[in-house]
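Note that the coordinates shown come from a computational prediction; the quantities given were computed from them, not determined experimentally. To find a chain, count down the sequence lines: A is the first, B the second, and so on, and within it residues start at 1.
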Amino acid sequence: MFTKRILHIAQLSAVGLAGYYIGQRDKFSSNEDTVTIDGKSLKSMPGLPIFGTVSAATPYTDSGSAKDRVSQIMKYGFPSLDNVRSYDDFVLSYDRRNRVPNWVFEHITKEHVMKNDAVDRSKCDFTPDESIHPFFRSQNSDYKGSGFDRGHMAAAGNHRLAQKHVEQTFLLTNMAPQVGEGFNRHAWNRLEKHVRKLTKVYDNVYCCTGPLYLPRKDSDGKSYVKYQVIGANSVAVPTHFYKVVVGEATDGLLDMEAYVMPNQKIPDETPVSSYMVPPETIERAAGLLFFNNLQRSKLNRINGKKA
DNA sequence: TTTGATGT
């Protein structure tokens with residue numbers, strides 16, 4: 001088991017493995033850009049960026065507005081600011097070149113993952129996102145016959161408060177091509193279940209999910225990033241996927257876990273913990289900063305170790 | 001159970 005873990009970490013070594021310390025990073029302020037958007041189009045067009053008026057420093061008030069929900073989901077900061085779209089229960093940044101998300105952010109509580117008879121996943125359809133320009137929009141036809149699943153980044157099972165919420169997770173903006181057998185339907189699914197279980201331990205769980213395109217050394221000894229593209233729109237097939245998760249306890253202390261899994265069949269017996277990596281490794285590989293507004297003094301553990 | 005694709 002231990003050797004396996006070393007192997008996974010070795011795969012990541014090309015992008016830098018500098019330890020668990022996530023402290024003194026540049027102060028990246030994701031809250032200073034302001035864009036004004038009228039409330040009407042915000043309601044009629046799910047997916048429109050409603051950013052700008054949102055600040056992670058804004059205290060959460062339970063007034064029920066979309067803006068407040070975004071500030072709650074994004075409490076600890078935006079990983080990046082490009083092509084941000086907000087939905088009723090998750091927020092994402094869309095990669096127009098690759099036709100998949102850069103990152104998807106969720107705020108999850110036990111109420112969000114509870115069984116709810118009013119919500120039926122089987123009624124959901126995978127739907128192209130009309131809020132994306134047609135040049136950059138992925139279609140169901142891109143995935144059809146590709147051999148890859150339309151894998152949720154924000155998992156459907158994390159959004160059971162309302163039928164509308166789970167339906168929005170089926171927008172293709174929230175999808176990336178994933179190996180089905182042995183990955184999306186198994187190892188990755190186990191990781192998603194693990195995140196849901198964290199809501200039993202923590203009052204609030206913040207989860208950021210996305211793709212990675214990691215370099216690999218070729219036979220000529222040089223490193224290259226190589227990934228398949230599928231369909232008429234050339235949707236990128238990521239080499240790996242990450243999850244960075246923060247659990248917020250009642251006392252305000254925070255625990256962080258970070259995972260990277262290769263987009264391939266993974267043996268059934270592999271524990272999810274063997275895919276833990278230092279968060280900084282993912283940040284360097286993805287070009288993102290996670291939980292940048294988080295107060296370091298409140299960070300208790302990272303990947304189970306005292307921070 | 002939850003994650004999906006595919007065929008009728």
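The salt bridge (Lys or Arg N to Asp or Glu O under 4.0 Å) search around A:Asp268 returns A:Arg190, not counting sequence neighbours.
Note: CG (A:Asp125) to P (B:dT3) measures 16 Å, nearest angstrom. One can place NE2 of A:His186 at 14 Å from P of B:dT1, the figure rounded to the nearest angstrom. One atom, CG of A:Asp268, and another, C1' of B:dT2, lie 14 Å apart when rounded to the nearest Å. Straight-line distance from the CG atom of A:Asn263 to the C1' atom of B:dT3: 14 Å, rounded to whole Å. Distance A:Met114 CE to B:dT2 P: 13 Å, rounded to the nearest Å. Counting to the nearest Å, the P atom of B:dT2 and the CD1 atom of A:Ile108 are 15 Å from each other. Here the P atom of nucleotide B:dT1 and the CZ atom of A:Arg160 are 11 Å apart, to the nearest Å.
More than 12 heavy atoms of other residues, nucleotides or ligands sit less than 6.0 Å from atom OH of A:Tyr224.
Among the protein residues, A:Gly180 comes within range of no part of the nucleic acid, since none of its heavy atoms lies under 4.0 Å from any strand.
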Checklist entry - Checking side chain to side chain contact (heavy atoms under 4.5 Å, CB included) for the pair A:Ile266/A:His186: CA distance, chi angles, key distance, verdict? => result CA-CA 8 Å; A:Ile266 289 171; A:His186 300 99; over 6 Å; no
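Checked for salt-bridge contact, A:Lys123 and A:Glu167 miss the test: no charged N lies under 4.0 Å from a carboxylate O.
The aromatic rings of A:His152 and A:Phe170 sit perpendicular, their planes meeting at an angle over 60°, well past the 30° parallel limit. In this pair, A:His194 and A:Tyr259 present their aromatic rings perpendicular. The plane angle is above 60°, beyond the 30 to 60° band.
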Give me the distances for all protein-to-nucleotides 4-8 of chain B N/O pairs that come in under 3.5 Å?
residue, atom, partner, partner atom, Å
B:dG4, OP1, A:His152, N, 2.8
B:dG4, OP1, A:His152, ND1, 2.3
B:dG4, OP2, A:Arg121, NH2, 2.1
B:dG4, OP2, A:His152, ND1, 3.2
B:dG4, O5', A:Asn184, ND2, 3.0
B:dA5, OP1, A:Arg150, N, 3.1
B:dA5, OP1, A:Arg150, NE, 2.9
B:dA5, OP2, A:Arg150, NE, 3.3
B:dA5, OP2, A:Arg150, NH2, 2.5
B:dA5, O4', A:Arg185, NH2, 3.4

